[in-house]
**Student:** 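My questions all concern the structure below.
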Amino acid sequence: MPPLYYIGFDPGGDKAFGWSVLTRQGSEFTVTATGTCSSARHALAEVAAACPNAPQALAIDAPLFWASEGDRNADRLVRKMVCAQGGHSGTVSHVNSLRGACLVQGVMVGRMATEMWPETKISEAHPKALLAVSTNARTFLESLANHGKTEHERDATIAGYTAHMFATESAGWHNLALLEQNIYHPVGPHVAYWFPKTQA
């Protein structure tokens, strides 16, 4: 059986854009490649070079749909879950308070990935929030021989884990994008936001 690929992106500014390629062979996961660069185009090119087949899914640590006004319902829910675990509410920022590089580069890599792999499923991800609320995500990270050299690469690897959970429609997770109304889709309406239903 050929390996399956899951991609994670952690958009940031100059020398702060992390990416990761997760490979699944049977039930075993490995991190095939990770890197940190400065742009969506560079990150996607490096991922494509490390991923010989179209990935099953990819996830991006950036808002991929925007509320027409106010805070997103998805962010309110995830923020509440993080705080219930003793985390800080600032872990989940309001979209209007995020850095431009995260917003712009996240949308750019999502659009370019859609053009490169039209059949690949795309989800928003929030690695830091996921690690705060999910024992399974933390266990997954610890099970890997490596997950990159930087925090950006680690977060991209956890985004790749989100991509896998999205592609397999894992029980106990749901699509937070369905909580929203009157939203703008800069990447496209096919984008989801896969996240656990409860702390675990």
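Along the sequence shown, residues are numbered consecutively beginning with 1.
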**Student:** Answer yes or no: is there a donor N or O on one side and an acceptor on the other, between the side chain of R24 and the main chain of G26, under 3.5 Å?
**Tutor:**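 Indeed, once roles are kept as given, a pair shorter than 3.5 Å links the two residues.
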**Student:** Quick one: are M81 and F195 in side-chain contact, heavy atoms under 4.5 Å?
**Tutor:** yes
**Student:** Could you tell me if the ring centre of F140 sits under 6.0 Å from that of F29?
**Tutor:**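 Ring centroids of F140 and F29 are less than 6.0 Å from each other.
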**Student:** At what distance, to the nearest 0.5 angstrom, does OH of Y6 lie from OG1 of T32?
**Tutor:** 12.0 Å
**Student:** Relative to the ring of H185, is the ring of F65 parallel (under 30°), tilted (30 to 60°) or perpendicular (over 60°)?
**Tutor:** tilted
**Student:** Looking at T34, D155, T157, which one forms a side-chain hydrogen bond (donor to acceptor under 3.5 Å, both in side chains) with S20?
**Tutor:** T157
**Student:** Taking all non-hydrogen atoms of both residues, which atom of L44 and which atom of A113 are closest, and how far apart?
**Tutor:** CD2-N, 3.8 Å
**Student:** Find the distance between CD (Q85) and OG (S134) and round it off to the nearest 0.5 Å.
**Tutor:**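 So the CD of Q85 and the OG of S134 are separated by 9.5 Å.
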**Student:** So does P186 get a backbone contact from the side chain of R111, meaning a donor-acceptor N/O pair under 3.5 Å?
**Tutor:**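 Yes; at least one donor-acceptor contact below 3.5 Å.
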**Student:** Find out whether I60 and P11 are in side-chain contact, i.e. whether some heavy atom of one side chain is under 4.5 Å from a heavy atom of the other.
**Tutor:**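 Heavy-atom side-chain distance check passes, below 4.5 Å.
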**Student:** Answer yes when K128 and D61 have at least one side-chain N-carboxylate O distance shorter than 4.0 Å, and no when they do not.
**Tutor:**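 No salt bridge links K128 with D61.
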**Student:** Could you grab the distance from atom OG1 of T162 to atom CE of M165, nearest 0.5 Å is fine?
**Tutor:**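 T162 OG1 to M165 CE: 8.5 Å, rounded to 0.5 Å.
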**Student:** Quick check: closest heavy atoms across A57 and T120, and the distance to 0.1 Å?
**Tutor:** CA-CG2, 3.6 Å
**Student:** State, with a plain yes or no, whether a side-chain heavy atom of D10 is found less than 4.5 Å away from one of P127.
**Tutor:** no
**Student:** We want to know whether T150 and T36 form a side-chain donor-acceptor pair, criterion being a heavy-atom distance below 3.5 angstrom.
**Tutor:**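 Note: T150 and T36 side chains meet the donor-acceptor criterion.
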**Student:** Kindly say whether A67 contributes a backbone atom to a donor-acceptor pair with the side chain of E180 at under 3.5 angstrom?
**Tutor:** no
**Student:** Do I183 and L178 belong together in a cluster built from hydrophobic side chains that touch within less than 4.5 Å?
**Tutor:** no
**Student:** Is it the case that H190 and T114 place a side-chain donor and acceptor less than 3.5 Å from each other?
**Tutor:**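 Yes, because at least one side-chain N or O of H190 sits under 3.5 Å from a partner of the opposite role on T114.
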**Student:** Indicate yes or no: at least one non-hydrogen side-chain atom of W117 is less than 4.5 angstrom from one of L58.
**Tutor:**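 Contact flag for W117/L58 side chains = yes.
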**Student:** Just so I know, are the side chains of L176 and L77 near enough to count as touching, which here means a heavy-atom distance under 4.5 Å?
**Tutor:** yes
**Student:** Do R72 and E124 meet the salt-bridge criterion of a basic N to acidic O distance under 4.0 Å?
**Tutor:**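 Looking at E124 and R72, the cut-off is met.
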**Student:** Could you check, using the six-membered ring where one of them is a Trp, whether F9 and W19 have ring centers closer than 6.0 angstrom?
**Tutor:** no
**Student:** Could you check D71 against R79 for side-chain contact (heavy atoms from CB on, under 4.5 Å), going step by step and ending with a plain yes or no?
**Tutor:** CA-CA 11 Å; D71 202 5; R79 193 178 296 122; 2.8 Å; yes
**Student:** Minimum heavy-atom separation for V107 to P63, with atom names?
**Tutor:**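 Smallest heavy-atom distance, with atoms named: CG2-O, 4.3 Å.
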**Student:** More than 12 heavy atoms of other residues, nucleotides or ligands under 6.0 Å from NE2 of H88: is that the case?
**Tutor:**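 Incorrect, the count does not exceed 12.
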**Student:** To the nearest 0.5 Å, tell me how far D75 CG sits from H126 NE2.
**Tutor:**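 Spacing of CG (D75) from NE2 (H126) equals 7.0 Å.
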**Student:** Could you go through R76 and K80, starting from their C-alpha distance and side-chain angles, then the distance that decides it, and tell me whether this counts as side-chain contact (heavy atoms from CB on, under 4.5 Å)?
**Tutor:** CA-CA 6 Å; R76 288 192 190 100; K80 183 177 179 181; over 6 Å; no
**Student:** Around atom CZ of R41, are there more than 12 heavy atoms of other residues, nucleotides or ligands at under 6.0 Å?
**Tutor:** no
**Student:** Is there a donor-acceptor contact under 3.5 Å from the side chain of S123 to the main chain of W194?
**Tutor:**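 Pair found, side chain donor or acceptor close to backbone of W194.
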**Student:** Hey, is the main chain of K149 close enough, under 3.5 Å, to the side chain of E153 for a donor-acceptor pair?
**Tutor:** yes
**Student:** Would you say the side chain of L141 lies within less than 4.5 Å of the side chain of R154, judging by non-hydrogen atoms?
**Tutor:** yes
**Student:** Is there a side-chain contact between C37 and F17, using heavy atoms and a 4.5 Å cut-off?
**Tutor:**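 Of all side-chain heavy-atom pairs linking F17 with C37, at least one is under 4.5 Å.
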**Student:** Are the side chains of E169 and K121 in contact, using a 4.5 Å heavy-atom criterion?
**Tutor:** yes
**Student:** Please report the closest heavy-atom contact between A192 and F166, naming both atoms and the distance.
**Tutor:** CB-CZ, 3.6 Å
**Student:** Parallel, tilted or perpendicular: which one describes the rings of W173 and Y161, with boundaries at 30° and 60°?
**Tutor:**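 Answer is perpendicular, since the angle exceeds 60°.
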